[in-house]
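Values in this document were obtained by computation on a predicted structure and should not be read as measured data.
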Amino acid sequence: MKLFDVFPLFDINIVKGNGCYVYDDKGNEYLDLYGGHAVISVGHTHPYYVEKLTDQLNKLGFYSNSVINKLQQEVAQKLGEQCGYPDYFLFLINSGAEANENAIKLASFHNGRKKVLAFAKAFHGRTSATVAATDIPAYSAPVNMNPNYVFAPFNDIEFIKKELATKEYSSVLIEGIQGVAGIQVPEDSFLKQLRDVCTETGTILILDEIQSGYGRSGKFFAHQYADIQADIITVAKGIGNGFPMAGVLINPMFKAVYGQLGTTFGGNHLACAAAIAVLDIMKEEKLIENAYNVGEYLMQELKKIPQIKEVRGRGLMIGMEFNEPIKEKRSKLLFEEKVFTGATGTHVFRLLPPLCLTIDQANIFLERFKKVI
């Protein structure tokens, strides 16, 4: 049996990591400015993280959600305190798509409406409901073409007011920062107005913070720059620093009904140990503040490079758009200068490094990046 080919792969076999570096099977060291697609939040093989998972595995790796798991309660308490939503409920699952799927369903259960408003170029996952809310035709099969999903122009509040006035929409689903679209940041004033019109029309506001959350933007959630509260927030990626985990943060106005939500593996003991370690490290090492400071420094330095058309982002979620395709430059940066970066579309570099990236490491990247471009 062979693996089903879903991604073009670089010819590199990564076998270990440390902090912001990864190493291949030939002993080459790479500076990781991609974080495994925004997943590595506290750094590769952080000693405390490894200790917490090892200790938990020696006790109990898994049992079902039919019994009390006090580790889940600890995750909920620490997450609530650190993210600014201490009174919200937490539902733990396994992946970002699963988090968004449950958020969409929960909103519809709550107000009995069918339609969902998403945004142009949005990406919310590859499961049935989430890919229907994803404005990337290459990712959707005919079965996902759902007339109940409508896409709004980004930052266009007048279009949204007109649509939501019908009171047919169960929810509005928006990313804290659009990642796959090329690091597009919603305007703070737009998010404030969006919050208001959702409240006025009884529409549930869902913030997809799967890529932009967990400190990556320089705040715990990117939407907090606009000083608003969401009704439902979805998280994944950085929550487990590589251990598969996700969560849905739910406004206390929602009442739990047995059978509406459920999971086999979600919030298992190992996943919770990973999530607790991440929250402890983020707090102890002030990684959100670091993401803000190093991100600001990186963006200011990148804006000085004349070949770059535009620099977008917040914290350590940065997009650099060029006038010409970047595929060759990205390959050269990886193989000759030993730096991992992301890309989106044909013209945009994407930086999603671990939140522990230092100014010195940022300067190493800048030096190598300038050599390539």
Side-chain angles (χ1 to χ4, degrees), residues 65 69 72-73 75-76 79-80 83-119 122-134 144 146 148-152 160 163-164 166-176 191 194-195 197-214 221 223 228-237 239 244-268 271 275:
N65 285 299
N69 179 352
Q72 292 181 353
Q73 297 168 3
V75 173
L79 175 55
C83 77
Y85 284 87
D87 59 335
Y88 274 44
F89 298 115
L90 176 64
F91 174 55
L92 292 170
I93 55 278
N94 311 286
S95 70
E98 191 178 345
N100 283 334
E101 190 99 8
N102 279 283
I104 292 167
K105 182 170 69 172
L106 193 62
S108 185
F109 273 128
H110 180 75
N111 56 25
R113 301 175 186 175
K114 293 182 178 180
K115 298 182 76 172
V116 176
L117 189 71
F119 289 85
F123 177 79
H124 296 290
R126 290 183 170 89
T127 54
S128 59
T130 60
V131 79
T134 292
N144 302 121
N146 191 324
N148 286 324
Y149 287 74
V150 174
F151 294 99
I160 291 165
E163 289 294 315
L164 297 193
T166 64
K167 296 189 177 181
E168 296 176 338
Y169 287 88
S170 69
S171 58
V172 172
L173 177 60
I174 184 170
E175 294 161 90
L191 285 180
L194 179 61
R195 172 66 278 178
V197 71
C198 283
T199 301
E200 291 165 6
T201 58
T203 311
I204 301 302
L205 177 58
I206 304 172
L207 255 297
D208 176 344
E209 293 278 7
I210 288 162
Q211 190 172 137
S212 56
Y214 254 74
F221 295 126
H223 70 266
I228 65 165
Q229 278 202 326
D231 298 314
I232 301 176
I233 305 160
T234 56
V235 296
K237 294 193 183 292
I239 187 174
M245 193 180 192
V248 184
L249 283 66
I250 304 164
N251 189 300
M253 69 182 178
F254 290 84
K255 304 304 177 186
V257 177
Y258 291 152
Q260 284 186 354
L261 306 182
T263 175
T264 296
F265 298 107
N268 66 74

Please check if the side chain of T166 supplies one atom and the backbone of E163 the other of a donor-acceptor pair under 3.5 Å. yes
Please check if the side chain of T134 supplies one atom and the backbone of H124 the other of a donor-acceptor pair under 3.5 Å. yes
Set out, in order, the CA-CA distance, both residues' side-chain angles and the distance that settles side chain to side chain contact (heavy atoms under 4.5 Å, CB included) for N102 and E98, then state yes or no. CA-CA 6 Å; N102 279 283; E98 191 178 345; 3.7 Å; yes
Which heavy atom of A103 sits nearest a heavy atom of V248, and at what distance? CB-CG1, 4.5 Å
Looking only at heavy atoms, which two atoms of F265 and T263 are closest? And how far apart? N-OG1, 3.6 Å
Considering only heavy atoms from C-beta outward, does the side chain of L261 approach that of F109 to under 4.5 Å? no
Heavy-atom pair with the smallest gap, counting every atom of V235 and A99: O-CB, 4.2 Å
Test item: S171 side-chain N/O and L205 main-chain N/O as donor-acceptor pair under 3.5 Å: no
ring-ring contact (aromatic ring centres under 6.0 Å, His included) against F123, all qualifying residues, sequence neighbours excluded: Y139
Any sub-3.5 Å donor-acceptor pair from E209's side-chain atoms to H223's backbone N or O? yes
Scanning both residues in full, the closest heavy-atom pair of N146 with A132 reads CB-CB, 4.3 Å
Counting only heavy atoms not in F151, do more than 12 fall under 6.0 Å of its CZ? yes
Has D231 got a side-chain atom pairing as donor or acceptor with N251's backbone, closer than 3.5 angstrom? no
Will you find, in the side chains of R195 and T199, an N or O donor that is under 3.5 Å from an N or O acceptor? yes
Verify side chain to side chain contact (heavy atoms under 4.5 Å, CB included) between L79 and L249, making sure each step is shown before the conclusion. CA-CA 10 Å; L79 175 55; L249 283 66; 4.1 Å; yes
Identify the heavy atoms of A133 and L173 that sit nearest to each other, and give their distance. CB-CD2, 3.9 Å
Note, F89 side chain near P252 side chain (heavy atom, < 4.5 Å): yes
Straight-line distance of N94 CG to T264 OG1, nearest 0.5 Å: 8.5 Å
Sub-3.5 Å donor-acceptor pair from the side chain of R113 to the main-chain atoms of Y169, do we have one? yes
If only atom types and distance count, is the side chain of K105 paired as donor or acceptor with the main-chain N or O of Q260 below 3.5 Å? yes
Decide yes or no on side chain to side chain contact (heavy atoms under 4.5 Å, CB included) for S170 and I204, but give the supporting numbers first. CA-CA 6 Å; S170 69; I204 301 302; over 6 Å; no
Any donor and acceptor pair, going by atom type alone, linking the side chain of N69 with main-chain N or O of G267 inside 3.5 Å? yes
First locate atom CD of Q229, then atom OH of Y85, and finally report the distance between them rounded to the nearest 0.5 Å. 4.5 Å
Taking atom CG of D87 and atom CE of M253, what is their separation to the nearest 0.5 Å? 11.5 Å
CG (L207) and CD1 (I174) are apart, to the nearest 0.5 Å, by 7.0 Å
Knowing that exactly one of T130, T234, T127 qualifies, which makes a side chain to side chain donor-acceptor pair (under 3.5 Å) with N100? T234
For the CD1 atom of I233 and the OH atom of Y88, what is their distance to the nearest 0.5 Å? 6.0 Å
Carefully, step by step, assess N65 and Q72 under the rule side chain to side chain contact (heavy atoms under 4.5 Å, CB included). CA-CA 10 Å; N65 285 299; Q72 292 181 353; 2.8 Å; yes
Atom CG in L164, atom NZ in K115: separation rounded to 0.5 Å? 10.0 Å
Nearest heavy-atom approach of A107 to I206 is CB-CD1, 4.3 Å
